[in-house]
S.K.: 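Structure provided below as structure tokens; questions to follow.
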Amino acid sequence: MSYDFDLFVIGGGSAGTRCARIAAGLGARVGVAEDRHWGGTCVNIGCVPKKLMVMASEYGAAMQDARGFGWDVPAGRHHWADLIAAKDVEINRLQGIYRRMLDGAGAKVFDARAKFIDAHTLDVGGKPVTAERIVIATGGQPIRPEFPGAEHGIVSDDAFDLKELPPHVTLIGGGYIAVEFAGIFAGLGAKVDLIMRQDLPLRGFDQDLRTSLADALTAQGVKLWPGRRIVNVDPDRLAKRVTLDNGTVIDTGLVFAAVGRAPNTGGLNLAGAGVATTAAGAIMVDEQQATSAKNVFAIGDVTDRMNLTPVAIAEGHSLAERLFGHGPRTWRLDAVATAVFSSPPIGTVGLTEEQAAEQGPADIYVSRFTPMRHTLSGRSTRKTMMKLVVDQASQRVVGAHMLGDDAPEIIQGLSIAINLGATKADFDHTVGIHPTAAEEFVTMRTRTRVAEARAAAE
Ligand code: NDP
């Protein structure tokens, strides 16, 4: 049977765009549908605008710090509307690039919503379209919490187009998004409360990173509410009255929930194609990204595994090459470096101290210091924490963690060494670059402690 397309991709985000572009470049007849914004979450309402806003938020402190270096800098005012307008220009530019890349590769682009009729037939903007293979790359969406008055709050989708900077923001959650936006709003001058149900932010991250981040947020002026939940939000004329589970009342300008994301599968009619999902609604895939329907694949956040843009792109790229090329490019997904763009940021790769200890004794090296810049700036509360986790038996460095200026840039390089299986001796034999913060990773001589699994230690 002949189909309209060899491959049809539903979703023009990071994963879908890469998959469609590579497949089209390999000669496949490709269609791709996107009904909201080309580039998806990362480009439009995620990584890219978020990082621009993080950058904006750091200028205020940088201008103050410049005084310690002899600059006579007046306290400036930030104009939120100007930031949003500048951000929008850049995002529109990127959207255009994403769409043009697909056109340029020879894919047929549909500005339309697609849903399954059967495993080979889609309804694309009201018209039937057939494809031999179909890829679902519809991403995720923010979860909206369910307490009385939650509807008066926003989620990250709404945060990039606020008309003005709220003077007081109350964030819910202790994950990536809550922590990053706490830094953005605080850096731009808002009062920030962060309500998190754990004792520390970023559950699952290395414990030293978590405590260092809590200290950094506090130093930035963010008020942390560990172990707390919101039970009610009451909208007043100007403010919102937030009530916590311990009875505390916070009058705030904006309630912002960042309590995780869910796969975006609504309205796809997955059942019509025989595509199975988990109880949480994620599309189930095997190692080849294949779903329960043999010609249908899923990539990126809609599979809800490692929800990171570069992982989604890797999945899309490998899949296209596997289907239409020879010898797909592969990526190692066991030690994926990731960053949290807090202020200062976090970079992390490999095992946490706690995970390493579960596998056997681990040598732990920790260094904490005030960055050189702040010897003159006077910002003594801005600390750096760097940490190596070394498997004691093999002496392989199995984890590297950092909170401090440029941490994501530094950890990206270290992730290559860790993926290559570098030992602590390999790190020690490497000559540092002076004076940098990064050199600390190759000059940690004295072990801080040995970590062992709690059960074994008891
Ligand atoms: P996360 O999964 O990172 O964190 C969710 C947070 O919300 C956790 O602290 C969780 O607490 C808390 N939470 C969950 N449910 C509730 C509830 N009902 N009431 C109160 N708190 C709750 O989600 P995010 O929304 O921050 O980010 C979504 C995903 O987006 C991330 O997991 C990541 O994959 C991706 N992302 C990546 C970024 C990056 O790479 N820099 C930046 C932003 C997002 P608990 O720990 O107790 O479960």
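All ligand and atom numbering here is 1-based and tracks the order in the structure.
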S.K.: Does a donor on one side chain and an acceptor on the other come within less than 3.5 Å for Arg379 and Ser377?
M.R.: no
S.K.: Give the protein residues with at least one non-hydrogen atom closer than 4.0 Å to an atom of ligand 1, ordered by chain and number.
M.R.: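 Contacts of ligand 1 under 4.0 Å: Lys50, Gly173, Gly174, Gly175, Tyr176, Ile177, Glu180, Arg197, Gln198, Arg203, Ala258, Val259, Gly260, Arg261, Asn307, Leu308, Thr338, Ala339.
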S.K.: Return the orientation label for the Phe110 and Phe8 ring planes: parallel under 30°, perpendicular over 60°, tilted otherwise.
M.R.: tilted
S.K.: Go through it in stages, so that I can follow the logic: the residues are Thr423 and Asp426, the test is side-chain hydrogen bond (donor to acceptor under 3.5 Å, both in side chains), and I'd like the CA-CA distance, side-chain angles, deciding distance and then a yes or no.
M.R.: CA-CA 5 Å; Thr423 62; Asp426 292 323; 3.1 Å; yes
S.K.: Before accepting this row, confirm whether a basic side-chain N of the pair Lys87/Glu90 lies closer than 4.0 Å to the acidic partner's carboxylate O.
M.R.: no
S.K.: Between Phe256 and Phe181, how do the two ring planes meet: parallel, tilted or perpendicular, split at 30° and 60°?
M.R.: tilted
S.K.: Can you tell me which residue among Thr348, Asp206, Thr448 is in a side-chain hydrogen bond (donor to acceptor under 3.5 Å, both in side chains) with Lys387?
M.R.: Asp206
